[in-house]
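Everything below concerns the one structure shown next.
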Amino acid sequence: MSEWMKSRLIVILWPSFLMAGMAEVVFFTFIDPQQLYLLGRPVHFSQTATYSIGFIAFWLLCAASSAATLFFMRSSAEINPQPD
Amino acid sequence: MADARETDNQDAGDSLYAVRQKVYPRAVTGAFATARWAMVWITQLVFYGLCWLPWNDRQAVLFHLGERKFYIFGWVFWPQDVFYLSILLIISAYSLFLFTAVAGRLWCGFACPQTVYTEIFLWIEKFFEGDRAKRMKLDAQEASVGKLWRKSAKYVAWIALSLWTGITFVGYFTPIREILHGLSSLTLGGWEWFWIFFYGGFTYLMAGVMREQVCKFMCPYARFQGVMFDPDTLVITYDEERGEPRGSRRKGSDPRSQGLGDCVDCGICVQVCPTGIDIRKGLQYECIGCAACIDACDQVMDKVGSPRGLIRYSTENAIKQHWGGRDILRHVLRPRILIYSVVLCIICVTFVWALATRTPLRLDVIKDRSIISREAEGGMIENVYVLNLMNMAESDRSVQLAVSGLPGVSLDGVDAAIVMPPARNQSLPVRVRVPMDELEKGSHRIWFELRAVDDPSLLIREKAVFIVR
Ligand code: SF4
Ligand code: SF4
């Protein structure tokens with residue numbers, strides 16, 4: 001993996017990890033997973049599974065946001081076709 | 001500090017793309033290294049050990065996700081206690097502010113898990129591969145049996161330690177004995193496996209591979225520490241006036257007569273630095289304040305017969321104005337520090353007070369929405385409620401429930417004394433009745449009262465609305 005890719009991956013995955021951690025704590029402090037409904041049915045996973053899936057979902061969402069930020073931050077030089 | 005912050009942006013930007021030069025920190029001994037090892041021992045004995053401590057027939061410290069309860073010694077915290085958690089967070093943040101303003105990155109150099117685990121991982125590395133020079137040689141060598149065994153032994157030790165760290169971590173969220181039992185009988189749940197590997201993997205990656213890069217590129221604290229510094233903050237400083245011009249000299253010769261400063265330019269301060277910087281270039285944001293360079297330089301100074309402290313804890317003002325220790329100490333007590341300390345004390349006292357006066361009972365009223373109000377026999381109006389009773393303590397408790405607030409109001413269908421099991425909540429449907437002729441139409445305020453039988457001063461009142469149609 002190139003250094004460029006590596007630094008991009010860290011910039012996407014790391015801040016989203018921190019934010020997902022915070023979101024997880026706040027969300028599940030106020031909401032009991034057993035009161036959640038999934039497609040109209042009560043969630044029947046184990047508590048650990050619900051917390052874990054919740055965390056991963058938060059992480060993915062936040063990572064998508066970080067990736068979008070990076071995507072929109074590309075300079076015009078990077079977007080325009082390079083004359084060779 | 002301003003300069004340090006400016007270069008920080010450039011460096012961070014550049015180094016993110018630059019190929020990283022591997023840092024081979026050289027092992028140090030000395031007062032600060034001893035202090036750091038003491039911190040490693042203390043924090044890790046607590047971390048690896050605390051989950052094994054029993055208390056009231058359970059794990060003393062357990063953040064039980066399955067039950068949504070946090071057990072911390074004699075206390076049981078519920079999601080409703082989020083208040084305490086937030087105060088704790090505020091206290092931690094404030095302490096960090098205070099410590100940083102007084103003496104820079106004490107946290108980074110001595111207590112941060114990143115530092116602590118890197119120290120342990122480095123120790124293992126040194127055990128198998130030798131110190132800095134040997135490690136550099138080994139990495140440059142062609143593959144050989146000796147190299148293979150040294151490297152693999154190191155990796156095996158690292159992986160074992162990481163896995164144990166992962167198990168311990170998960171052991172704070174699911175009882176550790178259950179996890180070990182699940183491991184030995186191969187019945188451990190998939191998510192537990194996942195988190196053991198996740199946390200273990202992270203430990204390995206951070207302490208074994210990324211090391212100083214975590215501090216440089218990933219740590220939020222390292223990025224904003226600069227705002228907490230001021231010219232009276234104690235930081236690791238190289239005494240330029242005393243050290244320069246640097247240069248090597250013959251042992252025992254007088255440097256001044258050769259036009260030299262005290263720095264012999266041996267470069268050891270750079271070799272010991274875990275982030276690979278040269279402190280002689282001034283304070284840089286990469287410096288985690290570990291004081292390894294102080295220990296190293298002091299040893300060099302002892303050897304060449306110059307006084308210690310060419311690199312030392314000092315402040316920007318002290319260096320400029322040639323203050324001694326006493327002047328520096330006097331400036332520790334500046335307004336900023338006093339304000340931080342007072343605020344911190346107030347929050348801590350509030351926390352302790354709130355914890356000491358926390359009521360071990362809780363009562364929530366949930367109105368049954370399907371039956372709002374109806375007529376009952378004997379000319380009564382009846383409202384139905386669901387009460388949620390919570391016993392936060394870890395012993396049974398008998399309580400009495402009563403209702404007040406309206407003339408002739410009474411409870412129906414509730415025993416004289418309710419026994420609440422330890423650390424549980426239970427829901428209790430109750431009917432409240434009021435004689436019809438006493439009331440106008442509309443909503444009225446009533447109070448539910450929960451009183452502990454063994455301690456009548458323990459009384460909780462919770463208001464509710466009584467509706468007459
Ligand atoms: S410059 Fe000194 S105190 Fe700073 S990180 Fe390097 S060795 Fe530690
Ligand atoms: S360890 Fe001390 S003497 Fe050696 S190069 Fe560093 S500052 Fe100079």
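Throughout, protein chains are lettered first and strands after them, A, B, ... in sequence-line order, and every chain is numbered starting at 1.
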(request) Would you confirm whether B:Arg68, through its side chain, and A:Phe28, through its main-chain N or O, come within 3.5 Å as a donor-acceptor pair? (result) yes
(request) Examine whether an atom of B:Phe70 lies under 4.5 Å from a heavy atom of chain A, and if so say whether it belongs to the side chain, the backbone or both; otherwise answer neither. (result) neither
(message) Could you work out, with ring pair (Phe, Tyr, Trp, His ring centres under 6.0 Å) as the rule, every residue matching B:Phe99, not counting sequence neighbours?
(response) none
(request) Kindly write out the residues that satisfy ring pair (Phe, Tyr, Trp, His ring centres under 6.0 Å) with B:Trp158, not counting sequence neighbours, or none if the list is empty. (result) B:Phe121, B:Tyr155, B:Tyr204
(request) Check whether any side-chain heavy atom of B:Met218 sits under 4.5 Å from a side-chain heavy atom of A:Phe17, and report yes or no. (result) no
(request) Against chain B, label A:Leu13 side chain, backbone, both or neither, depending on which of its atoms sit under 4.5 Å from a heavy atom there. (result) neither
(message) Out of A:Asp32, A:Thr29, A:Thr50, return the one with the most heavy atom pairs under 4.5 angstrom to chain B.
(response) A:Asp32
(request) Please say whether more than 12 non-hydrogen atoms of neighbouring residues, nucleotides or ligands are located less than 6.0 Å from CZ in B:Arg424. (result) no
(request) Please check if atom CH2 in B:Trp75 has more than 12 non-hydrogen atoms from other residues, nucleotides or ligands closer than 6.0 Å. (result) no
(request) Can you sort out the partners of A:Ser16 under side-chain hydrogen bond (donor to acceptor under 3.5 Å, both in side chains), two or more places apart, ordered by chain and number? (result) A:Trp59
(request) Could you tell me the separation between the CD atom of B:Gln80 and the CZ atom of A:Phe30, rounded to the nearest 0.5 Å? (result) 10.5 Å
(message) Only heavy atoms, only distances under 4.5 angstrom. Which residues in residues 173-201 of chain B are near chain A?
(response) B:Trp191, B:Glu192, B:Phe194, B:Trp195, B:Phe198
